[in-house]
Every structure is written in structure tokens, then in C-alpha cells.
Protein chains: 2
Amino acid sequence: MELSCKSEYAVLALLELAAHFSQGEPLQIRQIAAQQSIPDRYLEQLLATLRRGGLVRSQRGAKGGYYLAREPHNITVLEALECIEGGNIQQTCPEDEPKTSESAIVREIWQEARDCAHAILQNYTLQDLRDRHDQRQDVNPMYYI
Amino acid sequence: MELSCKSEYAVLALLELAAHFSQGEPLQIRQIAAQQSIPDRYLEQLLATLRRGGLVRSQRGAKGGYYLAREPHNITVLEALECIEGGNIQQTCPEDEPKTSESAIVREIWQEARDCAHAILQNYTLQDLRDRHDQRQDVNPMYYI
DNA sequence: TGCAAACCCCACTGGAGAACCGGGGTATAA
DNA sequence: TTATACCCCGGTTCTCCAGTGGGGTTTGCA
């Protein structure tokens, strides 16, 4: 799992869409980009990936934009990450399968660590993040401007 | 955490050194590379990094080689990984600090996932991996040839 | 019908890291 | 002294990230 800037942008965009989910009107790339300080041309690519992954839908033409394909509590952070960096198998390492018995064990440990991180990320939905955000704003409304 | 081929090579090399830890004689790069199917010139670089990180020591000259700096049960997998990919802060993302309140929350989730994976990796020592390996060999000695 | 808003697709750049290869230098045992 | 084996530095190819840019297509609206 990468947990890179790219992934962060994707989740932020989804959060922005989640915040306007009940409105029914689509959000434009420009608006999302401005709200979350994301380069709009880059965000465009990420949203296209999210669309192909079935997490968002788009409306073309004037007054178009993007909206969530599902309700915020039905989209997990893990889904977003797997969608955005799904094609990245990154097996530049020529060994597609372990050559030694030690290698197999090391990869078991790798998988165990990944599974643990995945469990955390699967446990959070967009709605969870929104709730956490709103809670924090209520407690200390002047902290973020 | 990368969990790449590079990291796997490093742990495999450490495991090989751990297997010969009690002998007292150093292991040569060639031997480790042959045993674990690692390109020897690449392994050389990794061992140099591990040496600079204090995980292994080297003996130069004829009959030289590498040996573990500590006992196998005192070296964790996490240590190996942090050593081998330590310089990799990977903040190509220009945002050194979160710009929005949502961004801060997303990074908290990121950190939580990373911490979870780190906990797993810290829990395993080289000795643990050796034990697991030996156990498996005992139970089904024909499984790996 | 025509315009402009907005998505859509493709290509390109610059930088970093992975996974190597190779050459030459240096320390050390025999 | 010589062969061994580590040491250091640099180059190569590849992929991905983080953007930027150009042109095409769909659509609402006047």
C-alpha cells in the first residue's frame, strides 16, 4: 500500500464529494481542487480512475461534474486506495514466486503486515472520516480556519 | 514501508547470516547470493547499507566476509527494513504539512495503518523466522527440496 | 443553431527510486 | 607477493509519481 500524495488526493476528493452527497447536484473538478488545494489537471486523472473503478460517476457537458456512486458509509478508504493504485503490481522484481523456503516465509510476514494495514483502512468509511472531522470542528471551531 | 524485492533480499541475507551465526567465520557475498538466488553485485550494495546501519559487520581481505553484528533474536525484521530503506522519506508530494483539516485526518489514518504494519514487523526477529522455517522443515521435510 | 462549460483522452516532462552491471581501489591471509 | 574479498563510485534501464498541456466530445442553455 502506497499511502502517497496521490492516494491522499483521491480520498480528499471523495470526502469533498461525500460532503455534498445529499445535494444531488454534481461537483466540478475546479471546485474540488480549490477546496482541497489539489492541482486540477492532476485531480482530473485521479477522478477518471475513480470513475473507472466505479466509486464515482460523472455528468458530462455544461453543469456537469462528479458525484459519489454510493453512499459515503458504503465506501471504505481501502476501496479508494485499491482503486487508485490498483494497476500498480510493481513486480519489477523478476521473482514472481519465491525461490527458497526462506523467501516464502519472508513473504508470509510481508502479507501479514499488509493485511494488518488493510484491516485498518477497510474499517474506515468516508462517513467515518466526515464524522471525525465534524466532531473535531465542534469541539474546537477556531482551530482550523 | 516498501516490502519490495530489495527488502526481501536484505532479510534473506540476514537470515543466511543468522543460520551461520554460531560458526564464527564470516560468510562471503557469493555464498549468500548463491544460497538465496540474489544477484551478487546487488547484494553487495545491500550488505553495505546493512553494515552502515550497524546490523552486520564485515571482514575485509582474503577469507573475509560478513557476519551479524548482534544475535539473531536481537534483530527484528522492522530494523532491517528501516535500515535498508531508511533514506527513503518519499515526500515527493510538495505538501510537507496538511493544508486542510481533512488532510490532517487522512494522514492520521495513514499513520494508524503504518503503525499497525510496523507492529507486526517489529514483533518478528531473525530467530523467529529461523524457528518457523525449521519447524516447517521438520513437519514436512520433503516439501522443499 | 451556436456557444461555452465541463468532462474525456492522450502525450509529455522531470525527478526519484528499483534493480541491476562494471571498473577500479584497498585490506588481508597465506 | 598474490589471490581473495570487501569497498566505492558511476552508469543503465525501467517504472512510477506529480504534474502540465493540447485537442476532442458531450451537454445545457440562450
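These numbers come from the heavy atoms of this one structure, side chains and all, not from hydrogens, waters or symmetry mates. First the proteins, then the strands, lettered A, B, ... as listed; each starts at 1.
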Margin query: With side-chain hydrogen bond (donor to acceptor under 3.5 Å, both in side chains) as the rule and sequence neighbours excluded, what pairs involving residues 119-129 of chain B come up?
Written below: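 Passing the test, one end in residues 119-129 of chain B: A:Glu112-B:Tyr124, B:Tyr124-B:Arg132, B:Thr125-B:Asp128, B:Gln127-B:Asp131.
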
Strictly below 4.0 Å: does [X] bring a side-chain N or O up to OP1 or OP2 of [N]?
{"X": "B:Lys6", "N": "C:dA18", "answer": "yes"}
{"X": "A:Ser58", "N": "C:dA6", "answer": "no"}
{"X": "A:Arg52", "N": "C:dC9", "answer": "yes"}
{"X": "A:Tyr66", "N": "C:dC8", "answer": "yes"}
{"X": "A:Arg30", "N": "C:dA5", "answer": "no"}

Notebook entry, point to check: Of all residues at least two apart in sequence or in a different chain, which pass the side chain to side chain contact (heavy atoms under 4.5 Å, CB included) check with B:Arg30?
Noted result: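 B:Arg30 satisfies side chain to side chain contact (heavy atoms under 4.5 Å, CB included) with B:Asp40 only.
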
Checklist line | Pairing residues for A:Gln45 by the side chain to side chain contact (heavy atoms under 4.5 Å, CB included) criterion, not counting sequence neighbours | finding: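 A:Tyr42.
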
Next item on the list: Tell me which nucleotide among C:dC20, D:dC8, D:dG19 gets nearest to the side chain of B:Tyr42.
Entry: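 Among C:dC20, D:dC8, D:dG19, the one nearest the side chain of B:Tyr42 is C:dC20.
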
Without decimals, in angstroms, what is the distance between [X] [atom1] and [N] [atom2]?
{"X": "B:Glu25", "N": "D:dC6", "atom1": "CD", "atom2": "C1'", "answer": "17 Å"}
{"X": "B:Asp40", "N": "C:dA19", "atom1": "CG", "atom2": "C1'", "answer": "13 Å"}
{"X": "B:Leu46", "N": "D:dC7", "atom1": "CG", "atom2": "P", "answer": "13 Å"}
{"X": "B:Ile29", "N": "D:dC8", "atom1": "CD1", "atom2": "C1'", "answer": "12 Å"}
{"X": "A:Tyr9", "N": "D:dT20", "atom1": "OH", "atom2": "C1'", "answer": "14 Å"}
{"X": "B:Ile38", "N": "C:dC21", "atom1": "CD1", "atom2": "P", "answer": "13 Å"}
{"X": "B:Arg41", "N": "C:dG23", "atom1": "CZ", "atom2": "P", "answer": "9 Å"}
{"X": "B:Gln45", "N": "D:dT12", "atom1": "CD", "atom2": "P", "answer": "15 Å"}

Next item on the list: Mind jotting down which residue pairs meet the disulfide (SG to SG under 2.5 Å) criterion with at least one end in residues 14-67 of chain A? Sequence neighbours excluded, please.
Entry: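 Listed once each, the pairs would be none.
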
Notebook entry, point to check: Hey, is the side chain of B:Glu44 pairing donor to acceptor with the base of D:dC7 inside 3.5 Å?
Noted result: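 Answer is yes: a donor-acceptor pair is held.
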
Protein and nucleotides 28-30 of chain C: nitrogen or oxygen contacts under 3.5 angstrom:
unit_1: C:dT28; atom_1: O2; unit_2: B:Ala62; atom_2: N; d: 3.3

Item checked: Donor on one side chain, acceptor on other, B:Gln111 and B:Glu108, under 3.5 Å ->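 Absent: no donor and acceptor within the cut-off.
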
Notebook entry, point to check: For A:Arg57, does the CZ atom sit with more than 12 other heavy atoms under 6.0 Å from it, leaving out its own atoms?
Noted result: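 Open: at most 12 neighbouring heavy atoms sit under 6.0 Å from CZ of A:Arg57.
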
Next item on the list: Please identify each residue that fulfils salt bridge (charged side-chain N to carboxylate O under 4.0 Å, His left out) with B:Glu44, with sequence neighbours left out.
Entry: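 Per chain and number, B:Glu44 pairs via salt bridge (charged side-chain N to carboxylate O under 4.0 Å, His left out) with B:Arg41.
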
Note to self: Base, sugar-phosphate or nothing for A:Arg57? Non-hydrogen atoms, less than 4.0 Å.
What the structure shows: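 Nothing, no nucleic acid heavy atom in range.
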
